Number of protein chains: 2
Amino acid sequence: MQSKPTTIKEIAQLLGISVSTVSRALHDHPSIGLTTRAKVKKLAGELNYEPNQTAIFLQKGKTHTIGVILPELSEAFFSSAISAIEDTAYKKNYTVLLAQSHDDEVKEKQLVEKMKNHRVDGLLVSVGKNTSSFQHFENLKKYNIPVVYFDRIPNIPNIHYVACNMEIGTIEAVSFLLKKGHRAIGMINGPQTMVATGERKEGYIKAMTKNRLKYDPSLIVSCDLTEEGTKKALDDLLANKRKPTAIVTFNDYVALFAIKYAQKLNIKLNQDLEFVSYANLPLINYMENIPAASVEQFPYLQGQKATDILMDLLHHQDKGSNEQSAYYKIIIESQLIENKK
Amino acid sequence: MQSKPTTIKEIAQLLGISVSTVSRALHDHPSIGLTTRAKVKKLAGELNYEPNQTAIFLQKGKTHTIGVILPELSEAFFSSAISAIEDTAYKKNYTVLLAQSHDDEVKEKQLVEKMKNHRVDGLLVSVGKNTSSFQHFENLKKYNIPVVYFDRIPNIPNIHYVACNMEIGTIEAVSFLLKKGHRAIGMINGPQTMVATGERKEGYIKAMTKNRLKYDPSLIVSCDLTEEGTKKALDDLLANKRKPTAIVTFNDYVALFAIKYAQKLNIKLNQDLEFVSYANLPLINYMENIPAASVEQFPYLQGQKATDILMDLLHHQDKGSNEQSAYYKIIIESQLIENKK
DNA sequence: AAATAACACGCAAACGTTTGCAATAGCCCG
DNA sequence: CGGGCTATTGCAAACGTTTGCGTGTTATTT
């Protein structure tokens with residue numbers, strides 16, 4: 001009962017014709033007669049013939065498969081991105097090979113090797129936060145495997161990437177609060193080491209100066225993004241000589257920690273203290289007490305764009321050959337979204 | 001500069017020996033002399049030789065790849081599960097091919113075909129909530145592609161699966177509410193088509209009878225798991241002649257929809273109405289108004305076990321041949337977790 | 001009616017690897 | 001010194017496709 005899948009060879013034998021004819025008939029090659037074509041297709045249908053992709057891969061040197069390497073599948077941002085990637089790839093008839101680095105540089109390197117051995121046509125990467133060398137990715141160029149980075153991109157030249165710029169969104173966020181009358185606006189920012197922390201700070205300052213307001217450094221505090229750290233940061237801000245009436249937080253997790261803590265301190269939300277955050281969590285839709293607005297980073301869109309770029313690269317790599325000094329550098333502007341309550 | 005990957009053939013040519021010798025040398029075949037073996041390995045190292053998996057796949061008929069089909073990658077439960085699957089597969093040197101059905105039966109069927117064409121060695125499946133026929137999965141048996149179902153399992157015999165039994169958790173959940181003094185306990189259940197719906201209902205009934213209480217069918221309502229459906233279900237329950245003081249909801253999404261709606265109706269949470277739910281969302285930790293308790297379903301563990309089973313099947317399928325009437329049926333007991341607020 | 005074009009199909013190589021079998025060499029032993 | 005053995009290596013088929021080229025048949029042209 002354990003039937004092996006039908007092969008082109010069997011069809012050929014059964015019909016008394018050659019394999020090449022069968023192959024061509026199946027592909028509607030013009031040089032095959034209509035009657036033969038019909039016969040072949042009929043039998044193929046009856047035998048439930050499905051081409052063996054591995055054989056085609058070997059023959060064509062293309063696998064119609066793209067690899068995805070990212071830090072953590074279970075993080076909301078990435079699971080949303082991978083969802084987009086899979087959707088987009090599926091539409092173009094590509095399959096996705098998945099792997100997570102857990103922010104481990106060594107594992108990341110192994111995964112690149114593995115992807116190469118599996119002969120993926122291209123790679124989508126969001127680099128681990130500890131990754132310092134990007135040679136393992138750069139090596140792929142030699143093998144003509146294009147790489148598109150997204151969200152967490154390496155700081156090196158000559159790469160394709162799509163990322164989200166936090167500055168604009170931050171300016172919008174601060175402006176939003178200013179327009180609502182707030183003047184003392186606090187910020188619970190991330191660790192100094194992260195690029196995103198700098199972008200947020202810059203955005204904050206630009207928004208203030210654009211509105212001819214003085215920038216008060218004491219209103220920006222760092223935070224390690226844990227619940228405890230958030231509490232401490234909020235305490236600091238509330239103890240400031242200029243007590244903020246609104247706070248921009250590094251991300252939704254921090255915002256929710258802060259909101260929870262503020263409630264415990266009997267602070268009236270959206271009255272004594274208003275929050276604006278960065279949307280890492282799609283789940284915010286399900287909640288009652290949420291930041292008044294969020295800076296959206298569009299994980300789904302990022303995944304989609306990155307995949308589109310990769311597809312484009314895959315379909316044009318034969319032509320432009322070595323002259324292709326053009327690199328995709330897509331910046332998605334973050335955008336403030338007012339949360340409906 | 002665009003070097004093609006090194007092949008075994010090139011190594012053979014460079015060394016003036018045959019490909020078979022190279023192949024065997026690389027695999028430490030005993031019949032190859034030590035000196036040749038060393039020479040081959042040295043050159044292979046220098047040329048950065050990596051075996052072409054697609055060729056090996058074709059030759060061996062095995063791809064060392066497992067397919068995963070699940071409804072929605074961006075749902076917390078599944079992203080946690082896929083994370084476990086990838087981790088476990090990685091340890092056994094397998095790669096995972098990923099696809100989401102979006103609960104669309106037609107797409108699910110296409111994906112099965114695609115997986116088959118890609119010659120995955122085995123399949124991990126969580127079926128879509130509307131899937132009514134499972135023939136597309138059953139067909140894989142003929143091709144000797146083992147399937148392990150997890151979480152959302154079809155109600156058919158002779159399959160391998162790992163699932164979480166909702167009954168125990170539900171009994172615990174209802175008992176928890178009874179102990180708190182509730183007598184009119186409502187349940188917003190899922191669609192009748194899902195196995196999990198039945199289990200919840202059974203658990204509910206058992207908990208009631210165990211406590212010598214009468215089971216009132218009007219207190220259990222179905223729901224399509226959407227926000228609108230949830231509102232309607234809650235309306236129904238609140239209009240019941242015996243108005244419930246506590247409600248068990250099908251999952252956290254439903255719970256949060258219900259909680260949001262209840263607040264809009266000015267119902268005092270944890271006072272007029274208490275909720276218990278099933279934990280699909282790790283993010284519930286970040287929120288203020290949450291169900292009093294949740295039934296944990298261990299997505300990571302489920303993914304892990306399912307992958308282990310599949311690995312086991314893959315490594316023993318040659319032997320037992322057709323005598324294997326033994327099917328893995330792993331039940332993970334759900335467990336009530338009281339949410340700290 | 002002969003030359004030519006158009007059509008339909010088959011042959012065989014190629015993709016990179018594995019592996020059963022054959023072949024060669026060197027060696028020991030009688 | 002020849003027979004047999006072992007240790008090493010090569011040959012070639014196989015996995016399932018695709019595709020350039022060649023060939024035979026039929027239809028069209030002048």
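Throughout, protein chains are lettered first and strands after them, A, B, ... in sequence-line order, and every chain is numbered starting at 1. Being a predicted model, the structure only gives us computed values, none of them experimental. Excluded from the calculations below are hydrogen atoms, water molecules and symmetry mates; all remaining heavy atoms, backbone and side chain alike, are included.
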Subject >> Separation of dG22(D) C1' from R24(A) CZ (nearest whole Å) >> reply: 11 Å
Original post:
Roughly, in whole Å, what's the span from CZ in R119(A) to P in dC15(C)?
Top reply: 13 Å
Original post:
How many Å lie between CD on Q59(A) and C1' on dG16(C), as a whole number?
Top reply: 12 Å
**OP:** Figure out the NE2/P separation between H64(A) and dT17(D), and round it to whole Å.
**Re:** 17 Å
Subject >> Aromatic ring proximity F57(A)/H118(B), centre distance under 6.0 Å >> reply: yes
**OP:** Report the distance from atom CD1 of I32(B) to atom P of dT9(D), rounded to the nearest whole Å.
**Re:** 6 Å
**OP:** Please confirm whether any donor atom in the side chain of S20(A) sits under 3.5 Å from an acceptor in the base of dC11(C), or the reverse.
**Re:** yes
Subject >> Out of dG10(D), dT19(D), dA8(C), whichever nucleotide has its closest atom nearest the side chain of S23(A) >> reply: dT19(D)
Original post:
Hey, does H29(A) reach any base, or is it just sugar-phosphate, or nothing, if we go heavy atoms under 4.0 Å?
Top reply: nothing
**OP:** Check every strand shown and say whether I56(B) touches a base, only sugar-phosphate, or nothing at a heavy-atom separation below 4.0 Å.
**Re:** sugar-phosphate
**OP:** Take the protein atom CG of L26(B) and the nucleotide atom P of dT19(C), then report the distance between them rounded to whole Å.
**Re:** 13 Å
Original post:
NA contact type, T7(B), heavy-atom cut-off 4.0 Å: base, sugar-phosphate, or nothing?
Top reply: sugar-phosphate
Original post:
When all nucleic acid strands are considered with a 4.0 Å heavy-atom cut-off, which category describes T36(B): base, sugar-phosphate, or nothing?
Top reply: sugar-phosphate
Original post:
Just wondering, more than 12 heavy atoms not from K329(A) lying within 6.0 Å of its NZ?
Top reply: yes
Original post:
Is T21(B) near enough to dT9(D) that one of its side-chain N or O atoms lies under 4.0 angstrom from OP1 or OP2?
Top reply: no
Subject >> Enclosure of K305(B) NZ (heavy-atom neighbours >12, cutoff 6.0 Å) >> reply: no
Original post:
NE2 of H118(A) versus C1' of dG16(C): gap in Å, rounded?
Top reply: 16 Å
Original post:
Can you tell me how far P of dT17(D) sits from CD of Q53(A), to the nearest Å?
Top reply: 10 Å
Subject >> Centroid-centroid under 6.0 Å between Y327(B) and Y161(B) rings >> reply: no
Original post:
Relative to the 5' end of DNA chain C, which residue comes earlier, K9(B) or G16(A), by the nucleotide with the nearest heavy atom?
Top reply: G16(A)
**OP:** Specify the residue among S31(B) and E50(A) whose closest nucleotide of DNA chain D lies further upstream toward the 5′ end.
**Re:** S31(B)
**OP:** Dump the intermediate steps for salt bridge (Lys or Arg N to Asp or Glu O under 4.0 Å) on E46(B) and K42(B), then the final yes or no.
**Re:** CA-CA 6 Å; E46(B) 287 168 4; K42(B) 180 158 169 290; 3.1 Å; yes
Subject >> Along DNA chain D (nearest heavy atom to each residue), the more 5'-positioned of G33(B) and A55(A) >> reply: G33(B)
